[in-house]
Amino acid sequence: MANVEELNELMRVRREKLNELRQKGIEPYGEKFERSNYAQEIVDNFEKYDGQQVKLAGRIMAKRGHGKACFANLQDVSGTIQIYGRLNDLGEEAYSMFEKLDIGDIIGLEGTVFKTRRGEVTVSLTGFVILSKSLRPLPEKWHGLKDVDLRYRQRYVDLTVNPEVRSTFVIRSRIVREIRNYLDKLGFLEVETPMMHPIAGGAAARPFITHHNALDMDLFLRIAPELYLKRLLVGGFDKVYEINRNFRNEGISTKHNPEFTMLELYQAYGDVEDMMEITENLISSVAQKVLGTTKIRYQEQEIDLTPPWKRLPMLEAVKQYSGLDFNSITSAEEARNKAKELGLEIEGHESWGDVLNIVFEEFVEPKLIQPTFVLDYPVEISPLAKRKKDNPGLTHRFELFIYGREMANAFSELNDPIDQKQRFEKQLEKRNAGDDEAHMMDEDYIQALEYGMPPAGGLGIGIDRLVMLLTDSPSIRDVILFPLMRPRD
RNA sequence: GAGCCAUUAGCUCAGUUGGCAGAGCACCUGACUUUUAAUCAGGGUGUCCCAGGUUCGAGUCCUGGAUGGCUCACCA
């Protein structure tokens with residue numbers, strides 16, 4: 001415990017009050033308290049509760065003393081209600097204790113519902129108990145806690161004083177629940193696959209490395225669940241999904257947190273078309289259920305999530321926004337030269353598909369504000385996707401963009417074990433050339449495919465980014481309760 | 001990883017040309033039995049992010065560092 005000498009006055013005074021309570025034989029850290037109601041339901045249904053006796057519990061958020069009477073605001077998970085204590089009703093001892101409550105103290109109370117002459121629904125106290133004495137002052141009632149550093153490091157304070165923050169995380173919870181409802185209704189089975197992988201597969205990303213002592217082996221925190229979920233298709237499950245964390249050892253930005261939540265789902269005997277249908281129906285119905293509309297605002301921009309969404313082949317998109325027609329570019333070298341002419345940074349080892357993707361990211365991505373499926377990604381950057389029959393350089397794959405951001409990625413799954421093995425070998429070449437984000441070889445996954453995996457559609461949706469979109473949050477940190485921060489000191 | 005910006009009381013923020021460290025809320029004392037950003041009277045509670053430097057004198061100028069934010073890079 002901190003030395004009282006070192007505490008500032010605000011904290012010293014609170015500790016003194018704590019000691020006073022103990023000296024009077026009152027325990028300032030109480031036990032179970034049975035509530036009859038929540039604050040908001042009383043405020044919203046005054047007629048029903050007028051004159052009724054209620055029991056509430058929550059945190060004191062404001063106090064207005066008037067000598068022999070005192071108003072305060074009590075905040076519980078539902079909202080805030082005014083409470084009112086009078087000397088006449090409480091008696092001298094209890095009233096004096098009520099007057100000495102600090103903002104931040106947690107109490108349980110009993111009282112009668114009434115409306116003040118100014119029309120505010122209020123509970124007039126007949127008794128109360130201190131359930132937790134607060135020893136630190138909360139931020140200011142009017143401006144709340146603004147310092148983003150403190151907001152993320154002390155999310156408990158942020159949640160206490162900034163109601164919109166609480167609301168964001170309530171919405172996040174509802175979004176995830178609606179996604180589960182939606183998929184469950186379609187007959188998908190929710191599964192859990194390993195978070196610790198001997199081989200980091202399913203995505204192009206740098207993994208976190210950890211170590212298992214008893215087995216004396218290094219393990220990777222998963223960068224994607226994909227290869228495990230598809231092993232389940234081999235095993236005979238035909239509709240599976242997982243909503244869970246992925247970990248990528250990469251930069252942090254407003255759109256990237258080292259751990260983030262992904263939905264991945266796989267549907268046997270389906271394809272990329274089915275995934276498009278699921279994506280637009282899932283996201284629009286979640287928006288409808290959670291927000292009550294499919295027309296949303298994100299950062300002052302109107303976004304219409306009403307299906308069907310625009311579908312745009314990548315080659316067409318690139319041609320439209322950059323003027324480059326990759327249909328008529330046949331060699332990687334020609335592609336690299338054309339990209340250089342557009343002022344793009346080209347290192348010299350890029351394949352045709354790499355260049356196409358670079359041009360796409362530079363010229364097209366930021367323009368895709370309304371929901372857009374970009375179709376037919378080049379095979380070089382899609383090592384787990386099925387090739388198009390009529391153009392084996394492209395794959396049956398889409399990425400969904402909203403507000404210029406990648407929101408989803410899906411394809412018809414590659415189930416040809418021989419092609420898959422060759423794709424992994426291509427990735428290994430990239431790895432050996434120094435690309436530590438290229439895919440690793442996963443022999444067991446190849447073996448699984450050799451047993452036979454049904455053709456399937458697979459889909460990944462970044463939950464954090466979806467929540468950002470639906471809660472109008474500018475930073476991914478606003479939708480992650482405890483984003484990764486450097487430790488202080 | 002690079003550039004720009006920020007860091008002053010518990011919180012939100014001022015701080016002029018380099019000249020005694022400020023306000024509002026919160027807090028403390030007193031008044032007040034339907035107030036509501038309650039009001040009225042009084043009280044300033046501080047490692048000016050840290051370490052150096054310049055200067056008679058630094059919150060302010062310079063150098064280095066820490067943390068955070070934004071942009072870029074990275075991240076399909």
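Lettering follows sequence order; numbering is per chain, from 1.
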If only side-chain N and O atoms of [X] are considered, is one of them under 4.0 Å from the OP1 or OP2 phosphate oxygen of [N]?
X: A:Arg14; N: B:rC27; value: no
X: A:Arg136; N: B:rG10; value: no
X: A:Arg118; N: B:rU36; value: yes

Sugar-phosphate, base or nothing in reach of [X], heavy atoms under 4.0 Å:
X: A:Lys63; result: nothing
X: A:Arg248; result: sugar-phosphate
X: A:Leu150; result: sugar-phosphate
X: A:Arg206; result: sugar-phosphate
X: A:Phe114; result: base
X: A:Ser253; result: nothing
X: A:Asp147; result: sugar-phosphate
X: A:Arg86; result: base

Mind checking who [N] pairs with, Watson-Crick or G-U wobble, both distances under 3.5 Å?
N: B:rU36; answer: none
N: B:rU17; answer: none
N: B:rG44; answer: none
N: B:rA9; answer: none
N: B:rG52; answer: B:rC62
N: B:rG1; answer: B:rC72

### Task
Tell me which of A:Gly144 and A:Val13 sits closer to the 5' end of RNA chain B, going by the nucleotide each one is nearest to.
A:Gly144
### Query
Which residue lies toward the 5' end of RNA chain B, A:Gly65 or A:Ala203, if each is placed at its nearest nucleotide?
A:Gly65
Can you tell me the distance, in whole Å, between the [atom1] atom of [X] and the [atom2] atom of [N]?
X: A:Leu10; N: B:rC11; atom1: CG; atom2: P; result: 10 Å
X: A:Asp102; N: B:rC28; atom1: CG; atom2: C1'; result: 11 Å
X: A:Leu145; N: B:rC13; atom1: CG; atom2: C1'; result: 14 Å
X: A:Lys100; N: B:rC28; atom1: NZ; atom2: C1'; result: 13 Å
X: A:Met11; N: B:rA9; atom1: CE; atom2: P; result: 13 Å
X: A:Leu101; N: B:rA26; atom1: CG; atom2: C1'; result: 16 Å
X: A:Lys133; N: B:rC27; atom1: NZ; atom2: C1'; result: 12 Å
X: A:Asp149; N: B:rC70; atom1: CG; atom2: P; result: 12 Å

Could you measure between the two [atom1] atoms, the one in [N] and the one in [M], and give it in whole Å?
N: B:rU39; M: B:rC49; atom1: C1'; answer: 38 Å
N: B:rA21; M: B:rU45; atom1: C1'; answer: 13 Å
N: B:rC70; M: B:rU29; atom1: P; answer: 42 Å
N: B:rA23; M: B:rG46; atom1: C1'; answer: 14 Å
N: B:rC4; M: B:rC13; atom1: C1'; answer: 22 Å
N: B:rG65; M: B:rC56; atom1: P; answer: 28 Å
N: B:rU67; M: B:rC62; atom1: P; answer: 22 Å
N: B:rU71; M: B:rU16; atom1: P; answer: 30 Å

### salt_bridge(A:Lys63, A:Asp105) N-O dist < 4.0 Å
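Salt bridge: no.
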### Query
Between A:Lys133 and A:Glu20, is there a side-chain N and carboxylate O pair less than 4.0 Å apart?
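Looking at A:Lys133 and A:Glu20, the cut-off is not met.
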Per [X] side chain, nearest of listed nucleotides [options]:
X: A:Arg477; options: B:rC70, B:rA38, B:rU34; result: B:rC70
X: A:Ile103; options: B:rG69, B:rU36, B:rC27; result: B:rC27
X: A:Lys141; options: B:rA38, B:rU33, B:rG69; result: B:rA38
X: A:Glu9; options: B:rU67, B:rC28, B:rU36; result: B:rC28
X: A:Lys146; options: B:rG69, B:rC28, B:rU12; result: B:rU12
X: A:Thr116; options: B:rC74, B:rG10, B:rU36; result: B:rU36
X: A:Lys68; options: B:rU12, B:rU33, B:rG10; result: B:rU33
X: A:His143; options: B:rA38, B:rU12, B:rC28; result: B:rU12
X: A:Arg153; options: B:rC32, B:rG68, B:rG10; result: B:rG68
X: A:Glu140; options: B:rG68, B:rG24, B:rU34; result: B:rG24

### Separation between NZ of A:Lys48 and CG of A:Asn37, rounded to the nearest 0.5 Å
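A:Lys48 atom NZ to A:Asn37 atom CG measures 7.5 Å (nearest 0.5 Å).
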### Task
Cation-pi check, A:Arg155 to A:Phe482: give yes when NZ or CZ is under 6.0 Å from the six-membered ring centre and within 45° of the ring axis, no otherwise.
no
### Query
Will you find, in the side chains of A:Arg59 and A:Ser134, an N or O donor that is under 3.5 Å from an N or O acceptor?
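A:Ser134 and A:Arg59 do not have a side-chain donor-acceptor pair below 3.5 Å.
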#### Entry: Pairs where residues 355-367 of chain A contributes a residue and the test side chain to side chain donor-acceptor pair (under 3.5 Å) is met, not counting sequence neighbours
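Matches after skipping sequence neighbours: A:Asn357-A:Glu361.
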### Query
Do any N or O atoms from the side chain of A:Arg465 and from the backbone of A:Lys255 form a donor-acceptor pair under 3.5 angstrom?
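Yes: the side chain of A:Arg465 pairs with the backbone of A:Lys255.
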### Query
Does the A:Arg153 side chain pair with the main chain of A:Arg486, one donor and one acceptor, at a distance under 3.5 Å?
yes
### Task
Start with the C-alpha gap between A:Phe401 and A:Phe360, add the side-chain angles, then the distance that decides, and say whether ring pair (Phe, Tyr, Trp, His ring centres under 6.0 Å) holds.
CA-CA 12 Å; A:Phe401 290 88; A:Phe360 172 78; 5.5 Å; yes
### Message
Let's test your reading of the model: under 3.5 Å, does the base of B:rU45 pair with the side chain of A:Asn8 as donor and acceptor?
### Response
no
